Chemist: 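The structure under discussion is supplied below as structure tokens; questions concerning it will follow.
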Amino acid sequence: MSAPSPTTSALAPYIFPTQRLKRQQRDSSRTPIVLVACGSFSPVTYLHLRMFEMAVDHVRQNTEFEVMGGYLSPVSDKYVKPGLLSSFHRVNMCILAAEQTSSWLMVDPWEAFQDEYQRTAVVLDHFDHEINTVCGGVTTVEGERRKVGVMLLAGSDLIATMSEPGVWTPDDLDHILGRYGTVIIERAGTDVSAATDALAPWRHNIYLIPQMIFNDVSSTKVRLFLRRGLSVRYLTPSCVIDYIEEHGLYLDESDARVNPLMDSTKPSKGNNSNSSKESMAQSPS
């Protein structure tokens, strides 16, 4: 299927996506939440999408939450990272993947098109504002209006960086883990127990999910395969592969930040901050 039109996707005037957000709970005894995955998504892979499904299963079976929606939030071009394609292409690929492989995932381009890198805490505040202040939260089956919790979804390497001194500020840790919370998907090579011990004050708000079927797919590996002329079929959705081939992406690293169109319709600027190491582990790279 063809890629989404720039006039209706990456370059359209910003509107917070709510088309798949559930507006009424099924079970009033549960606490409504949305899952937000921040990261490069260069390109989005099946593991990025699979993380949401694992999280929903875990939440339904092991917590008192009810998932009302899921969002991918690609990082801004101002975050300096090798292989980071322009936000225009990354947002379009995420939109294709969400629309053609999922019935409930959405892509919010707000973070991607900010003029400065946005801290994770600021991004979560943005979701909280849009869903609870602008949209008014959700309702129960009895008609009661409720605030929706925002939870960060990420790989377990996120927890490792959070427990490393100097990577995250104490205020941001308390804001993310204390006010919002996080759902962590297990990844190989991360000592989760040691990391969570260092984050003991927020342990009640950290939900760890083991991978029942180990998946080691990453955007880094997909880019490497593409540069070597190898197949990436079944590592990323077919619609994403078609988009990559159509636009000749990831043939080398030199095209990483080339935006094919002028971004004259970017969303308005939000709170800005300097980029830091903390965003390296927001999701599988």
Side-chain angles (χ1 to χ4, degrees), residues 16-18 21-22 25 30-39 48 51-52 54-56 58-60 62-76 79 104-108 110-112 114 117-138 145-164 167-186 192 195-196 198-209 270-273 276-284:
F16 182 73
T18 59
L21 180 67
K22 297 178 182 177
Q25 286 189 263
R30 291 178 174 263
T31 301
I33 65 168
V34 295
L35 299 169
V36 177
C38 301
H48 293 128
M51 286 170 60
F52 284 93
M54 288 187 282
V56 168
H58 182 85
V59 165
R60 183 178 62 251
N62 300 283
T63 75
E64 297 303 316
F65 297 128
E66 179 179 352
V67 176
M68 309 302 291
Y71 291 90
L72 293 94
S73 181
V75 74
S76 165
Y79 174 56
W104 65 284
L105 293 181
M106 293 165 282
V107 179
D108 182 14
W110 180 84
E111 179 186 2
Q114 293 302 298
Y117 167 77
Q118 301 296 310
R119 299 181 349 264
T120 304
V122 174
V123 175
L124 298 182
D125 283 346
H126 159 74
F127 279 94
D128 181 46
H129 172 76
E130 291 290 345
I131 293 172
N132 292 307
T133 303
V134 177
C135 296
V138 298
R145 190 162 293 279
R146 282 186 179 174
K147 181 176 181 179
V148 179
V150 177
M151 301 198 76
L152 179 65
L153 174 64
S156 56
D157 45 354
L158 174 77
I159 288 293
T161 67
M162 285 183 165
S163 62
E164 184 179 341
V167 177
W168 300 71
T169 67
D171 286 345
D172 273 5
L173 282 178
D174 187 60
H175 197 79
I176 295 167
L177 300 179
R179 178 174 178 176
Y180 294 114
T182 183
V183 178
I184 300 296
I185 307 297
E186 176 188 49
V192 177
T196 52
L199 301 171
W202 306 284
R203 186 176 295 166
H204 67 286
N205 237 6
I206 300 173
Y207 298 85
L208 301 174
I209 304 176
N271 295 329
N272 297 327
S273 67
S276 69
K277 182 181 174 184
E278 56 104 339
S279 67
M280 289 184 181
Q282 289 180 359
S283 74

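Nothing here was measured: the structure is a model prediction, and the numbers come from that model.
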Chemist: Is there side-chain contact between Val150 and Ile33, with at least one heavy-atom pair below 4.5 Å?
Modeler: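 Result no, sub-4.5 Å side-chain heavy-atom pair not found.
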Chemist: Indicate yes or no for a side-chain donor-acceptor contact from Glu164 to the backbone of Ala160 under 3.5 Å, with no hydrogens or angles considered.
Modeler: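 Not a single qualifying donor-acceptor pair exists.
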Chemist: Minimum heavy-atom separation for Asp108 to Pro17, with atom names?
Modeler: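 That closest heavy-atom pairing would be OD1-CD, 3.7 Å.
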Chemist: Pairs of donor and acceptor atoms involving the side chains of residues 130-137, under 3.5 Å and at least two apart or interchain, shall be tabulated with distances.
Modeler:
| residue | atom | partner | partner atom | Å |
| --- | --- | --- | --- | --- |
| Asn132 | OD1 | Val148 | N | 2.6 |
| Asn132 | ND2 | Asp128 | OD1 | 2.7 |
| Asn132 | ND2 | Val148 | O | 2.9 |

Chemist: Using the ring pair (Phe, Tyr, Trp, His ring centres under 6.0 Å) criterion, which residues pair with Phe16? Sequence neighbours excluded.
Modeler: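 So Phe16 forms a ring pair (Phe, Tyr, Trp, His ring centres under 6.0 Å) with Tyr71, His126, Phe127.
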Chemist: Will you find, in the side chains of Glu111 and Ser73, an N or O donor that is under 3.5 Å from an N or O acceptor?
Modeler: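 A pair is found: one side chain offers a donor N or O, the other an acceptor, under 3.5 Å apart.
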Chemist: Measure the spacing between CE of Met106 and CG of Leu72 and express it to the nearest 0.5 Å.
Modeler: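 Spacing of CE (Met106) from CG (Leu72) equals 10.0 Å.
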Chemist: Does the side chain of Tyr180 come within less than 4.5 Å of Val36's, by heavy atoms?
Modeler: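 No. Closest side-chain heavy atoms not under 4.5 Å.
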Chemist: Do Leu208 and Glu186 come close enough that some side-chain heavy atom pair is under 4.5 Å?
Modeler: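 Sidechains of Glu186 and Leu208: no contact.
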Chemist: What is the distance from atom OG1 of Thr169 to atom NE2 of His175, rounded to the nearest 0.5 Å?
Modeler: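 With rounding to 0.5 Å, OG1 (Thr169) is 10.5 Å from NE2 (His175).
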Chemist: Please name all residues satisfying salt bridge (Lys or Arg N to Asp or Glu O under 4.0 Å) with Arg203, sequence neighbours left out, ordered by chain then number.
Modeler: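 By the salt bridge (Lys or Arg N to Asp or Glu O under 4.0 Å) rule, Arg203 matches Asp197.
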Chemist: Do Val183 and Leu35 have side chains that approach each other closer than 4.5 Å (heavy atoms only, starting at C-beta)?
Modeler: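 Side chain of Val183 against side chain of Leu35, heavy atoms only: contact under 4.5 Å found.
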Chemist: With sequence neighbours left out, write down each residue that passes side-chain contact (heavy atoms from CB on, under 4.5 Å) with Thr31, or none if nothing qualifies.
Modeler: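 Thr31: side-chain contact (heavy atoms from CB on, under 4.5 Å) contacts with Phe65.
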Chemist: Taking the side chain from Ser76 and the backbone from Tyr79, do they hold a donor-acceptor pair closer than 3.5 Å?
Modeler: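 Between the backbone of Tyr79 and the side chain of Ser76 there is no qualifying donor-acceptor contact (under 3.5 Å).
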Chemist: Please report the shortest heavy-atom distance between Pro74 and Val107, naming the atom on each side.
Modeler: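 Closest approach of Pro74 to Val107: CD-CG1, 4.2 Å.
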Chemist: If I compare all heavy atoms of Gln25 with all of Arg30, which pair ends up nearest, and what's the gap?
Modeler: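 Minimum heavy-atom separation between Gln25 and Arg30: NE2-O, 2.9 Å.
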Chemist: For Asn205, enumerate each residue passing the side-chain contact (heavy atoms from CB on, under 4.5 Å) test, keeping only those at least two apart in sequence or located in another chain.
Modeler: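 If we apply the side-chain contact (heavy atoms from CB on, under 4.5 Å) test to Asn205, skipping adjacent residues, the hits are Tyr207.
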Chemist: Using every non-hydrogen atom in the two residues, find where Ala55 and Leu153 come nearest and quote the distance to one decimal.
Modeler: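 Where Ala55 meets Leu153 most closely, the heavy atoms are CB-CD1, 3.9 Å.
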Chemist: The criterion is side-chain contact (heavy atoms from CB on, under 4.5 Å); which residues satisfy it with His58, sequence neighbours excluded?
Modeler: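 Applying side-chain contact (heavy atoms from CB on, under 4.5 Å) to His58 gives Asn62, Thr63, Ile209.
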Chemist: Walk me through it: do Val34 and Val67 pass the test side chain to side chain contact (heavy atoms under 4.5 Å, CB included)?
Modeler: CA-CA 6 Å; Val34 295; Val67 176; over 6 Å; no
Chemist: Which heavy-atom pair separates Ile176 from Met162 by the least distance, and what is that distance?
Modeler: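 In terms of heavy atoms, the two residues are closest at CG2-CE, 4.1 Å.
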Chemist: Apply side chain to side chain contact (heavy atoms under 4.5 Å, CB included) to residues Val138 and Arg145 and explain how you reach the verdict.
Modeler: CA-CA 6 Å; Val138 298; Arg145 190 162 293 279; over 6 Å; no
Chemist: So Leu158 and Leu152, side chain to side chain contact (heavy atoms under 4.5 Å, CB included) or not? Walk me through it.
Modeler: CA-CA 10 Å; Leu158 174 77; Leu152 179 65; 3.7 Å; yes
Chemist: OG/Ser163 to CG/Leu173 distance, rounded to the nearest 0.5 angstrom?
Modeler: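 If I round to the nearest 0.5 Å, the distance is 9.5 Å.
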Chemist: Could you tell me the separation between the CG atom of Asp174 and the CH2 atom of Trp202, rounded to the nearest 0.5 Å?
Modeler: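 Taking CG in Asp174 and CH2 in Trp202, the distance rounds to 6.0 Å.
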Chemist: At what distance, to the nearest 0.5 angstrom, does CD1 of Ile159 lie from OG1 of Thr182?
Modeler: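 Reported to 0.5 Å precision, the distance equals 6.0 Å.
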Chemist: Check Gly69 against Trp104 and note the closest heavy-atom contact, atom names and distance.
Modeler: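 Closest approach of Gly69 to Trp104: C-CZ3, 3.7 Å.
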Chemist: To the closest 0.5 Å, what do you measure between CD1 (Ile185) and CE (Met51)?
Modeler: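 So the gap between those two atoms works out to 5.5 Å.
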